[in-house]
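Values below: every heavy atom of this structure, side chains too, minus hydrogens, waters and symmetry copies.
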Amino acid sequence: MSDTHPLHLSPELQKALQTIDTPTVCNALEVLVPERRGYGYTISPLVCPRPELPPMVGIARTACIRAAHPSDLRGASARALQDAYYQYVDEGPKPSIMVIQDLDGPLRGYGSWWGEVNSNVHKGFGCLGVITDGSVRDLPDLAPGFQVLADRVGP
C-alpha cells in the first residue's frame with residue numbers, strides 16, 4: 001500500500017489520534033454533524049478485559065457473525081466463504097480494527113468467534129483488535145497486544 005492511499009494512517013497521525021479520548025471524539029462529531037446529537041449512544045455495557053493496552057486507531061473492517069443458527073453451507077462452499085472473509089480482512093490499508101455485529105439478537109454471544117485462534121490470525125493480518133456486540137473468550141490466551149471490546153465474555 002502506498003502512502004497516497006486515501007485511508008493511509010501515518011504513524012504520526014495514529015499517535016496523535018491515540019491522545020484523544022472517546023468523549024472528545026463524540027463532542028467533535030456533534031459539532032461537525034449536528035443532526036447526530038441526541039442518539040447513537042452506547043447504552044449497553046462494553047467489556048474491555050485489557051484496559052492496559054493503548055487506544056486503537058485503525059481502519060475499520062466490518063462483518064457479521066451468527067452462531068445460534070449456523071450457515072447451511074458445507075464443505076467447499078463453507079471453506080470458500082471463510083477464505084473470502086480472511087482475504088477481505090487481509091486486504092486494504094493497515095492497521096485495521098475488526099468491527100463485528102453478532103446477528104443472533106437476544107442470543108448474541110451464543111458462540112464466540114474471538115479467542116485465542118482468531119485473535120492470533122487477525123493480528124497476523126494487521127488487525128489491532130475487535131469491537132463486537134457479541135462475546136469474546138480465552139482471555140489469557142489472546143494474541144499479545146490484541147485489544148477486544150465486547151458485549152460480554154463467554155466460555
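I65 contributes atom CD1, which lies 9.5 Å from atom CG of N118 (distance to the nearest 0.5 angstrom). We find the CG-CE distance between L128 and M56 to be 7.0 Å, quoted to the nearest 0.5 Å. Rounded to the nearest 0.5 angstrom, F146 CZ and N120 CG are separated by 9.0 Å. For the atom pair OG of S119 and CG of D141, the computed distance is 8.5 Å after rounding to the nearest 0.5 Å. Put simply, SG on C64 and OH on Y85 are 10.5 Å apart, with the number rounded to the nearest 0.5 Å.
With no hydrogens or angles considered, a side-chain donor-acceptor pair links D21 and T24 at under 3.5 Å. With hydrogens and angles left out, the side-chain atoms of Q18 and Q14 include no donor and acceptor closer than 3.5 Å.
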Dump the intermediate steps for ring pair (Phe, Tyr, Trp, His ring centres under 6.0 Å) on H122 and Y88, then the final yes or no. CA-CA 11 Å; H122 285 74; Y88 163 72; over 10 Å; no
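Applying the side-chain contact (heavy atoms from CB on, under 4.5 Å) criterion to L81, with sequence neighbours excluded, gives L73.
Closest approach of V99 to A60, counting heavy atoms only: CG2-CB, 4.0 Å. The heavy-atom pair separating S71 from R66 by the smallest distance is CA-NH2, 3.6 Å. In plain terms, the two heavy atoms of G109 and D102 that are nearest each other are N-OD2, 2.9 Å. The minimum heavy-atom distance between P51 and C48, with the atom names listed, is CD-O, 3.4 Å. What you find for G111 and S135 is that their closest heavy atoms are O-OG, 3.7 Å. The nearest pair of heavy atoms linking L9 to G58 is CD1-CA, 3.6 Å.
Taking hydrophobic clusters as Ile, Leu, Val, Met, Phe, Trp and Tyr residues chained together by side-chain heavy-atom distances below 4.5 Å, M98 shares a cluster with L139. In the hydrophobic clustering of this structure, L46 groups with I97; members are Ile, Leu, Val, Met, Phe, Trp, Tyr whose side-chain heavy atoms approach within less than 4.5 Å, directly or through other members. Put simply, I131 and V47 are part of two different groups of oily side chains (I, L, V, M, F, W, Y) that touch within less than 4.5 Å, one to the next. Hydrophobic clustering (ILVMFWY, side-chain heavy atoms < 4.5 Å, transitive): L29 and L17 are in one cluster.
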Only distances under 3.5 Å count here; give the side-chain donor-acceptor pairs of residues 147-155 to other protein atoms, sequence neighbours excluded, each with its distance to 0.1 Å.
residue	atom	partner	partner atom	Å
Q147	NE2	R50	O	3.0
D151	OD1	R108	NH2	3.4
R152	NH1	R108	O	3.3

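At least one side-chain heavy atom of I100 sits under 4.5 Å from a side-chain heavy atom of W114. Using a 4.5 Å heavy-atom threshold, the side chains of D133 and Q101 count as touching. You'll find the side chain of I59 reaches within 4.5 Å of the side chain of R61, heavy atoms only. Side-chain contact check for D90 versus K94: some heavy-atom pair is nearer than 4.5 Å.
Through side-chain heavy atoms spaced under 4.5 Å, either directly or across other Ile, Leu, Val, Met, Phe, Trp or Tyr residues, V33 is tied to L32.
The main-chain N or O of G115 is never found under 3.5 Å from a side-chain atom of D138 such that the two would form a donor-acceptor pair. Without hydrogens or angle criteria, D104 side chain to A68 main chain gives a donor-acceptor distance under 3.5 Å.
Crowding of F125 atom CZ: a count of heavy atoms from other residues, nucleotides or ligands under 6.0 Å exceeding 12.
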